[in-house]
Number of protein chains: 2
Amino acid sequence: MAKRQKVPAGKPDYVKELSKAGIRVTRPRRVIIDILTETDDHPDAMEIFRRAVQVDKSISLSTVYRTMKLLEGFGAIHRHAFGSGPARFENAAGEHHDHLIDLDTGDVIEFKSDRIEALQAEIAQALGYDIVHHRLELYGRKKASG
Amino acid sequence: MAKRQKVPAGKPDYVKELSKAGIRVTRPRRVIIDILTETDDHPDAMEIFRRAVQVDKSISLSTVYRTMKLLEGFGAIHRHAFGSGPARFENAAGEHHDHLIDLDTGDVIEFKSDRIEALQAEIAQALGYDIVHHRLELYGRKKASG
DNA sequence: GGATCAGTTGACAATCATTTGCAAATCAAC
DNA sequence: GTTGATTTGCAAATGATTGTCAACTGATCC
């Protein structure tokens with residue numbers, strides 16, 4: 001028997017976190033979590049479902065949605081709504097960042113700006129609020145200059 | 001007979017703009033446009049429909065949706081998706097601004113920051129993009145301080 | 001290793017927001 | 001007023017997501 005599989009170094013072990021929190025780590029959940037931790041794009045529920053079915057034919061779309069909700073509540077993933085269309089999900093591990101969406105290709109580029117973050121906090125404070133979370137999305141087109 | 005009603009000064013006359021563009025200004029559209037130009041909140045389609053029905057009982061929700069799409073394409077209104085739930089609309093007249101959403105009350109506070117706008121443009125440029133539009137929403141709670 | 005049982009699942013119906021098809025109504029031009 | 005393309009209301013369709021519920025299954029206890 002091979003050694004028990006380990007989560008790649010540097011990535012948080014959500015499986016362990018979940019079981020520690022008294023939430024059952026079932027096969028479907030494990031499959032979905034693996035997909036989420038191994039991808040670096042922003043798949044929607046249907047896409048996660050497609051990938052999950054390739055691993056375990058019996059997984060249902062309902063379970064994908066339920067697991068997304070579970071993981072979101074857990075802070076393990078983030079839910080996005082780029083443009084219109086289905087929600088898209090992203091592993092919450094790693095640093096916070098915002099998104100630039102290429103209007104022509106749909107590509108999502110991640111970026112981070114401490115200065116913008118600071119300004120946001122400043123504005124919220126001035127208005128008498130504490131920020132719980134925010135959403136910053138830039139929608140643009142590649143510069144023609146090329 | 002009273003003088004012909006005029007659009008409040010400073011607000012663009014979408015009715016005129018539409019007819020100039022060869023788009024029919026029908027009664028339902030006029031009613032909906034009036035609602036949009038007279039409100040300063042961010043109603044969703046159902047809310048606009050409710051208000052429209054008070055003016056003209058025969059207006060349908062479909063027409064509200066169709067008119068929203070029409071006006072959006074025209075740049076007359078902006079479509080928002082605060083949190084989850086139905087899209088919410090806002091008259092595009094007036095200066096650009098972003099939104100702070102009160103997570104407890106659902107209140108929407110408008111704000112504007114030239115510095116953030118500038119930083120956004122800077123970031124997009126650095127990534128080789130021109131911004132077509134953006135979305136910045138802060139979700140927060142009133143400071144406990146009070 | 002097996003029994004236990006609350007948590008979880010898959011299948012499918014239901015819901016919510018939005019869009020569409022179509023016949024009837026309506027607007028702007030003549 | 002007549003006309004003809006646009007627009008409307010209605011109802012049915014769609015797409016994304018959630019709810020229901022009987023069947024299943026994973027962690028715990030023996």
Side-chain angles (χ1 to χ4, degrees), chain A residues 1 4 13-35 42-50 52-74 76-89, chain B residues 14-35 42-50 52-74 76-89 106:
Chain A
M1 275 267 171
R4 176 175 284 246
D13 187 346
Y14 289 124
V15 171
K16 188 176 284 180
E17 277 190 35
L18 286 179
S19 64
K20 203 177 293 179
I23 289 171
R24 273 205 208 152
V25 181
T26 61
R27 175 155 169 70
R29 284 183 180 158
R30 213 184 299 261
V31 170
I32 292 168
I33 289 170
D34 282 354
I35 289 168
H42 306 71
D44 59 27
M46 185 56 70
E47 176 59 26
I48 294 167
F49 172 63
R50 277 188 218 104
V53 164
Q54 295 187 302
V55 179
D56 179 345
K57 252 182 113 40
S58 75
I59 287 174
S60 75
L61 181 56
S62 299
T63 295
V64 172
Y65 275 109
R66 279 189 288 237
T67 303
M68 291 306 107
K69 190 162 281 193
L70 178 75
L71 294 175
E72 190 186 8
F74 235 73
I77 60 169
H78 290 143
R79 175 189 302 261
H80 298 294
F82 302 139
S84 56
R88 296 170 62 177
F89 303 94
Chain B
Y14 290 122
V15 170
K16 187 176 287 179
E17 278 190 33
L18 286 180
S19 64
K20 203 177 296 178
I23 289 171
R24 272 203 209 156
V25 181
T26 60
R27 177 156 168 69
R29 285 182 180 159
R30 212 184 301 260
V31 169
I32 292 167
I33 289 171
D34 282 354
I35 290 168
H42 306 73
D44 59 28
M46 184 55 71
E47 176 60 25
I48 294 167
F49 172 63
R50 278 189 216 102
V53 163
Q54 294 187 303
V55 179
D56 179 344
K57 251 182 112 44
S58 76
I59 286 174
S60 75
L61 181 56
S62 299
T63 295
V64 173
Y65 276 109
R66 279 189 284 235
T67 303
M68 290 307 106
K69 189 162 282 193
L70 178 75
L71 293 176
E72 191 186 8
F74 235 72
I77 61 169
H78 290 144
R79 175 190 301 262
H80 298 294
F82 301 139
S84 55
R88 295 169 64 176
F89 303 94

Margin query: Distance check, rounded to the nearest 0.5 Å: A/Ile48 atom CD1 versus A/Ile35 atom CD1?
Written below: 7.5 Å

Check: Can you tell me how far P of C/dT15 sits from CE of B/Met46, to the nearest Å?
Finding: 15 Å

Checklist line | Rounded distance in Å - CG (B/Asp56) to P (C/dT26) | finding: 10 Å

Item checked: Minimum heavy-atom distance between A/Met68 and A/Ile77, given as atom pair plus value -> O-CD1, 3.4 Å

Note to self: Nearest 0.5 angstrom please: A/Arg50 CZ to A/Glu47 CD, how far?
What the structure shows: 5.0 Å

Notebook entry, point to check: Considering the terminal five base pairs at each end of the helix from C/dG1-D/dC30 to C/dC30-D/dG1, what angle separates the two local helix axes, rounded to 10°?
Noted result: 30°

Notebook entry, point to check: Of A/Val25 and B/Val25, whose nearest nucleotide on DNA chain C comes first from the 5' end?
Noted result: A/Val25

Next item on the list: Could you please spell out the steps behind the side-chain contact (heavy atoms from CB on, under 4.5 Å) verdict for A/Arg29 and A/Leu71?
Entry: CA-CA 10 Å; A/Arg29 284 183 180 158; A/Leu71 294 175; over 6 Å; no

Checklist line | Atom of B/Ser60, atom of B/Phe49 and distance for their closest heavy-atom approach | finding: C-CE1, 3.6 Å

Margin query: Without decimals, in angstroms, what is the distance between A/Arg29 CZ and C/dG10 C1'?
Written below: 14 Å

Note to self: Testing the basics here: between B/Phe89 and B/Ala45, what is the closest heavy-atom pair and its distance to 0.1 Å?
What the structure shows: CE1-N, 4.0 Å

Item checked: Nucleic acid contacts - residues 60-72 of chain A versus DNA chain C, non-hydrogen atoms under 4.0 Å -> A/Ser60, A/Ser62, A/Thr63, A/Arg66

Margin query: With heavy atoms of chain A within less than 4.0 Å as the criterion, where does contact along DNA chain D begin and end?
Written below: D/dA16 to D/dA27

Next item on the list: Could you tell me which non-hydrogen atom of B/Asp44 sits nearest to which non-hydrogen atom of B/Pro86, and how far apart they are?
Entry: OD2-CG, 3.4 Å

Check: Any side-chain heavy-atom pair from A/Ile32 and A/Thr63 closer than 4.5 angstrom?
Finding: yes

Sort me out a list of protein N/O and nucleotides 2-6 of chain C N/O pairs below 3.5 Å, or just none if empty.
from, atom 1, to, atom 2, distance (Å)
C/dA6, N3, A/Arg24, NH2, 2.7

Note to self: What is the separation between atom CZ on A/Arg27 and atom P on C/dT9, rounded to the nearest whole Å?
What the structure shows: 12 Å

Check: Between B/Pro28 and B/Arg79, which is nearer to the 5' end of DNA chain C once each is assigned its nearest nucleotide?
Finding: B/Arg79

Margin query: Test of understanding: with side chain to side chain contact (heavy atoms under 4.5 Å, CB included), list the residues that count as partners of B/Phe82, not counting sequence neighbours.
Written below: B/His42, B/His80, B/Arg88, B/His99, B/Ile101, B/Val108, B/Glu137, B/Tyr139

Check: Between atom CD1 in A/Ile59 and atom C1' in C/dT8, what is the gap in whole Å?
Finding: 13 Å

Check: Does some side-chain heavy atom of A/Ile33 sit less than 4.5 Å from a side-chain heavy atom of A/Arg30?
Finding: no

Notebook entry, point to check: With B/Arg24, which residues qualify under salt bridge (charged side-chain N to carboxylate O under 4.0 Å, His left out), at least two apart?
Noted result: none

Checklist line | Minimum side-chain heavy-atom gap A/Asp56-A/Ile59 below 4.5 Å | finding: yes

